[in-house]
Protein chains: 2
Amino acid sequence: MAERELLLLGLLRRENMHGYKLNEFIENDLAICTDLKKPTAYFLLDKMAKQGWIEQYDETQSGGRPPRRMFRITAAGESVFQDLLRARLKTFDPARFTADPALAFVDALDSAEAHALLSQRRAGLAAELDTMRAVPEHPGTFGFVIAHRIAHLEAELRWIDDVIAHLRAL
Amino acid sequence: MAERELLLLGLLRRENMHGYKLNEFIENDLAICTDLKKPTAYFLLDKMAKQGWIEQYDETQSGGRPPRRMFRITAAGESVFQDLLRARLKTFDPARFTADPALAFVDALDSAEAHALLSQRRAGLAAELDTMRAVPEHPGTFGFVIAHRIAHLEAELRWIDDVIAHLRAL
DNA sequence: TTTTCCATGTAACTCGTTACATGATTTC
DNA sequence: GAAATCATGTAACGAGTTACATGGAAAA
């Protein structure tokens, strides 16, 4: 549903950027909510430029460095951004949990091993939750993303405790 | 991480099946936790047969119907299944929410529209939660999967209410 | 007799990733 | 002089999907 285009347009809307900086920002600051990779970003930037959603221009640098290929969003791109944003916000689609099929097969293991594995899982989860809680307050709406992550980690923790308790009861 | 192979092996472990029935079961009963498609299933079955994880045999049918291509798991396949299951259970990896980048850009909309869109989102979410709560008790460990889904839908609902409240406060 | 269900597959395509390739500049 | 960082890309591959293709049997 073009989440990646939405992300790139949203970033370019705030500030004109070149590919390298865009990638750097995504890797460093946005890793929690996206996994967009460098070649994909370059590919999408070219594609969006062809579609007229963004424009390229060269920015000459000081110190004899080669010019950077900068991107700016166009009016058409802004309109696409708004449409994508609305579409993405208005409908909820449930995430899939890749471990769910495995979980349904947990009865294939003896209960001691199942318990050990799930405890390990719980530990990783708790560690991740601690990490997220330690993240400093984020400016603006990005705080929602952190809160989102924390809410689901807490739900996951309660649920795994429930699963462990149920298995123990068998 | 070979979740799909794990799923197919897990099903074949319980009962020998042919491709059609496997697909039917996945589509009808397992749609909540997987989106494995028919051509993918046939492809994986062939691949796993080549690797010796499963074996094929023809089952002649009554009524002059053509024989069905049945699959059964091998000892090697059982061992792969166990390994994949353990690997998948022991580590937790956080799900990504495709709407998160969009959410971080919610300030690009005026607050009335943002509120309207998020309310629509909330309604879809609440409907999905009702559906899940109406699912009858499931036998065995599959109940965990339903409980998992419900736990996360509830977390999502609380969080979206929080987001709406915050936006209103601006 | 026409539609639906059972049953099996293939071909082409899309999307995204990994790994590779290049070169200039700045820092150690 | 070597290593890291800035900066931009491409080629090959892999996984999975859509759409297509086929044919027999049962039900309407």
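In what follows, every chain begins at residue 1, and chains take the letters A, B, ... in the order their sequences are listed.
Within residues 6-28 of chain B, the residues that have a heavy atom under 4.0 Å from DNA chain C are, in order of number, His18(B), Gly19(B), Tyr20(B), Glu24(B). Contacts between residues 29-37 of chain A and DNA chain C, counted as heavy-atom distances below 4.0 Å, involve Asp35(A), Lys37(A). Contacts between residues 44-56 of chain B and DNA chain C, counted as heavy-atom distances below 4.0 Å, involve no residue at all.
Remark: Glu15(B) engages Lys21(B) in a salt bridge (charged side-chain N to carboxylate O under 4.0 Å, His left out) (not counting sequence neighbours). Evaluation of the ring pair (Phe, Tyr, Trp, His ring centres under 6.0 Å) rule for His138(A) yields Phe142(A) as partners, not counting sequence neighbours. In this structure Thr34(A) satisfies the side chain to side chain contact (heavy atoms under 4.5 Å, CB included) test together with Leu7(A), Ile26(A), Leu30(A), Leu36(A), sequence neighbours excluded. Gln120(B) pairs by the side-chain hydrogen bond (donor to acceptor under 3.5 Å, both in side chains) definition with nothing, not counting sequence neighbours. In this structure Phe92(B) satisfies the ring pair (Phe, Tyr, Trp, His ring centres under 6.0 Å) test with no other residue, sequence neighbours excluded. Residues passing the ring pair (Phe, Tyr, Trp, His ring centres under 6.0 Å) test with Phe81(A), sequence neighbours excluded: Phe105(B).
Residue pairs meeting the salt bridge (charged side-chain N to carboxylate O under 4.0 Å, His left out) criterion with at least one partner in residues 138-154 of chain A, sequence neighbours excluded, are Glu128(A)-Arg149(A), Arg133(A)-Glu154(A).
The pair Asp161(A)-Arg158(A) does not count as a salt bridge, with every side-chain nitrogen at least 4.0 angstrom from each carboxylate oxygen. Under a 4.0 Å N-O distance rule, the pair Arg69(B)/Asp46(B) qualifies as a salt bridge.
Residue contacts shown for Pro66(B) are absent, as no nucleic acid heavy atom lies under 4.0 Å away. Backbone-only engagement by Gln61(B) is indicated by non-hydrogen atom pairs under 4.0 Å involving sugar-phosphate atoms exclusively.
Contact between the side-chain N/O atoms of Thr40(A) and the OP1/OP2 oxygens of dT17(C) is found at a separation under 4.0 Å.
Looking at which nucleotide of DNA chain C each of Lys38(A) and Glu5(A) is closest to, the 5′-most match is held by Glu5(A).
Atom CD of Glu137(A) is surrounded by 12 or fewer heavy atoms from other residues, nucleotides or ligands within 6.0 Å.
Other members of the cluster containing Tyr57(B) are Met70(B), with ILVMFWY side chains joined at under 4.5 Å, either directly or via other members.
Using cut-offs of 30° and 60° for the angle between ring planes, the Phe144(A) and His166(B) rings count as perpendicular.
Here the C1' atom of nucleotide dA7(C) and the CE atom of Met70(B) are 13 Å apart, to the nearest Å.
In this structure, a donor-acceptor pair under 3.5 Å is absent between the side chains of His18(B) and Glu59(B).
Think of the region where chain B sits on DNA chain D: with heavy atoms and a 4.0 Å cut, that region ends 5' and 3' at dG16(D) to dA26(D).
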